[in-house]
Amino acid sequence: HRHLLGIEGLQPSEILTLLDLADQAVEVSRQVEKKKAVLRGRTQINLFFEASTRTQSSFELAGKRLGADVMNMSVASSSVKKGETLIDTAATLNAMHPDLLVVRHHAAGAVKLLADKVGCSVVNAGDGAHEHPTQALLDALTMRRHKGQIAGLTVAICGDIRHSRVARSNFLLLNALGARVRVVAPRTLLPASVDRLGVDVYTDMRTGLKDVDIVMMLRLQRERMSGAFVPSVREYFRYWGLDAEKLSYAKDDALVMHPGPMNRGVEIDPEIADGPRSLIREQVEMGVAVRMAVLEALAAHLPNN
Ligand code: CP
């Protein structure tokens with residue numbers, strides 16, 4: 001593949017190859033000397049139309065650890081603010097001959113549209129409620145390193161499924177690798193298409209978490225909600241927030257994940273987020289490794305490689 005636009009379209013063997021490559025990148029990242037030369041002389045531009053802490057910084061570090069020259073386009077101070085369109089912005093950057101473009105945009109499908117217009121490799125860093133493929137890959141890497149393999153795991157993804165590209169990419173990846181996926185959410189936060197997603201649907205946390213291996217909590221994406229869907233925080237935490245009592249329904253060795261950004265006291269009790277079963281910080285470390293793996297895999301398709 002020249003681009004990574006989603007988990008959709010990847011074969012299970014391709015996902016496993018990326019996870020193996022990411023395991024090697026973890027080792028590189030833990031060394032004192034962290035650099036490889038796979039992308040030496042190459043230019044990577046990170047173009048984020050939506051806020052990001054983890055994804056943007058980890059793509060920057062990943063590119064630098066592979067030897068690329070990395071530029072972060074600051075959309076807030078760019079001519080996008082003067083009305084320049086997505087396509088014109090992409091064409092402008094494309095004229096500077098980047099090799100890799102990492103793009104986050106608030107509209108589903110925008111990254112694919114852009115990929116069709118530029119000459120370089122494009123990575124989707126999150127497009128609306130559509131896909132966030134590197135998040136699903138880093139989640140799978142984190143799970144695999146703790147549980148040995150993805151096949152046979154039962155994973156509960158809880159909370160605001162309706163607005164979540166992370167949930168969608170995880171459904172695709174976990175189903176492809178043979179995990180059993182549950183969604184646990186109030187009806188109003190489930191997508192209309194939930195029956196076609198290949199997941200088991202629960203509307204009660206205690207039943208939904210019963211005997212699961214992994215509990216993945218999601219943030220309420222208030223910025224994507226209109227009035228009717230916005231629940232009160234206190235009520236939400238009481239029924240849907242992960243605390244010790246609800247977690248006790250999962251397996252004794254169940255682990256807790258969250259893609260971030262977290263809203264403590266809304267979808268997750270801080271005691272759980274910071275507790276011994278939380279993989280949340282480790283997910284961040286795996287994020288750099290997975291992005292190194294993706295960039296390295298795409299490097300093989302760059303001209304003159
Ligand atoms: N998980 C994730 O995508 O985080 P950011 O929005 O901070 O990049």
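All figures in this text were calculated on a predicted structure; none of them were measured in a lab. Both ligands and their constituent atoms are indexed starting at 1 by order of listing.
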Item checked: Closest protein heavy atom to atom 7 (O) of ligand 1, given as residue, atom name and distance to 0.1 Å -> Thr53 N, 2.7 Å
Item checked: Heteroatom proximity flag, Pro261 to ligand 1, N/O under 3.5 Å -> no
Notebook entry, point to check: Quick check: does Gln56 get an N/O under 3.5 Å from an N/O on ligand 1?
Noted result: no
Note to self: Does either side chain, that of Asp139 or that of Gln283, offer a donor lying less than 3.5 Å from an acceptor on the other one?
What the structure shows: yes
Note to self: If the contact criterion is a heavy-atom separation under 4.0 Å, does Glu50 count as touching ligand 1?
What the structure shows: no
Item checked: Distance-only donor-acceptor check, side chains Thr134 and Arg291, under 3.5 Å -> yes
Checklist line | Salt-bridge criterion met for Asp253 and Lys147 (N-O under 4.0 Å) | finding: yes
Item checked: Basic-acidic side-chain contact under 4.0 Å: Arg144, Asp20 -> yes
Next item on the list: Could you tell me whether the side chains of Thr154 and Arg182 share a donor-acceptor contact shorter than 3.5 Å?
Entry: no
Next item on the list: Please could you name the atoms of ligand 1 that Arg104 approaches to less than 4.0 Å, counting only its heavy atoms?
Entry: 3 (O), 5 (P), 6 (O), 8 (O)
Check: Can you tell me the protein heavy atom closest to atom 4 (O) of ligand 1 and the distance?
Finding: Arg54 NE, 3.0 Å
Next item on the list: Can you spot which of Asp269, Asp243, Asp274 makes a salt bridge (charged side-chain N to carboxylate O under 4.0 Å, His left out) with Arg264?
Entry: Asp274
Check: Please state which protein non-hydrogen atom is closest to atom 2 (C) of ligand 1 and give its distance, to 0.1 Å?
Finding: Thr55 OG1, 3.5 Å
Check: Would Gly260 count as a contact of ligand 1 if the rule is a heavy atom under 4.0 Å away?
Finding: yes
Check: Is the backbone of Gly119 close enough, under 3.5 Å, to the side chain of Asn94 for a donor and an acceptor to pair up by distance?
Finding: yes
Next item on the list: May I ask you to identify, for Arg219, whether its side chain, its backbone, both or neither come under 4.0 Å of ligand 1 on a heavy-atom basis?
Entry: neither
